[in-house]
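The figures here come from the full heavy-atom set of this structure, side chains too, leaving out hydrogens, waters and symmetry mates.
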Amino acid sequence: QVQLVESGGGLVQPGGSLRLSCAASGSIFNSFRMGWYRQAPGKQRELVARLSSGGSTNYADAVKGRFAISRDNTKNTVTLQMNSLKPEDTAVYYCNLVELTTRKEYWGQGTQVTVSS
């Protein structure tokens with residue numbers, strides 16, 4: 001019912017910035033939660049940032065003050081602004097959406113973020 005497509009990943013030097021975007025299509029939803037997760041090589045998947053339908057945000061401690069999650073005015077995309085990037089931010093970043101009424105969960109295909117000099 002919902003398709004998620006991420007964009008904006010790439011290679012960036014330490015201290016640089018990237019802006020990830022996740023476009024949702026296929027359904028019109030009222031109550032949902034969207035977020036970004038990441039999985040680094042040899043590590044488990046972890047929450048990066050999450051945005052509820054009511055506007056509440058949740059950030060991993062490692063990215064607080066550096067990353068910001070937001071939704072555009074059409075409410076069909078969610079953005080992750082990543083500043084002051086560090087090598088430990090290197091991971092595949094996945095967009096996630098949960099419909100709160102049906103509890104159905106959707107994932108994007110992932111986009112690679114590499115922070116290296």
Next on the checklist: Show, in sequence, the C-alpha distance, side-chain angles and deciding distance for D72 and T79, and conclude whether the side-chain contact (heavy atoms from CB on, under 4.5 Å) test is met.
Outcome noted: CA-CA 8 Å; D72 72 6; T79 296; 5.7 Å; no

So how far is it from [X] [atom1] to [Y] [atom2], rounded to the nearest 0.5 Å?
X: R38; Y: D89; atom1: CZ; atom2: CG; value: 4.5 Å
X: T57; Y: R71; atom1: OG1; atom2: CZ; value: 11.5 Å
X: M34; Y: L80; atom1: CE; atom2: CG; value: 11.5 Å
X: R45; Y: Y37; atom1: CZ; atom2: OH; value: 7.0 Å

Counterpart residues, side chain to side chain contact (heavy atoms under 4.5 Å, CB included), relative to [X] (two or more places apart):
X: Q3; result: S25
X: S52; result: S56
X: E88; result: K86

Residues L4 and A24: closest non-hydrogen pair is CD2-CB, 3.7 Å

Here the pair of heavy atoms bringing T77 nearest to S21 is CB-OG, 4.3 Å

When V78, N96, V63 are each screened for side-chain contact (heavy atoms from CB on, under 4.5 Å) with W36, the one that passes is V78

L100 and R33: CA distance, side-chain angles, deciding distance, side-chain contact (heavy atoms from CB on, under 4.5 Å) verdict
CA-CA 7 Å; L100 300 182; R33 182 181 68 223; 4.3 Å; yes

Same cluster for [X] and [Y] if Ile/Leu/Val/Met/Phe/Trp/Tyr side chains link at under 4.5 Å?
X: L47; Y: W107; answer: yes
X: F32; Y: Y94; answer: no
X: L97; Y: L51; answer: yes
X: V98; Y: Y59; answer: no
X: L20; Y: V12; answer: yes

Got a list of side-chain donor-acceptor pairs under 3.5 Å for residues 110-117, not counting sequence neighbours?
{"from": "T111", "atom 1": "OG1", "to": "G9", "atom 2": "N", "distance (Å)": "3.4"}
{"from": "Q112", "atom 1": "NE2", "to": "A91", "atom 2": "O", "distance (Å)": "3.4"}
{"from": "Q112", "atom 1": "NE2", "to": "T114", "atom 2": "OG1", "distance (Å)": "3.3"}

task: Take the angle between the ring planes of F67 and Y93 and call it parallel below 30°, perpendicular above 60°, tilted in between.
output: tilted

Quiz prompt | Residue pair R66, M82: steps toward the side-chain contact (heavy atoms from CB on, under 4.5 Å) verdict | solution = CA-CA 6 Å; R66 299 189 298 119; M82 305 185 295; over 6 Å; no

Sequence neighbours excluded, the answer for side-chain hydrogen bond (donor to acceptor under 3.5 Å, both in side chains) partners of N83 is S17, Q81

By ring pair (Phe, Tyr, Trp, His ring centres under 6.0 Å), Y106 pairs with (sequence neighbours left out) none

* Asked: Does Q109 offer a backbone N or O that forms a donor-acceptor pair with the side chain of E6 under 3.5 Å?
  -> yes

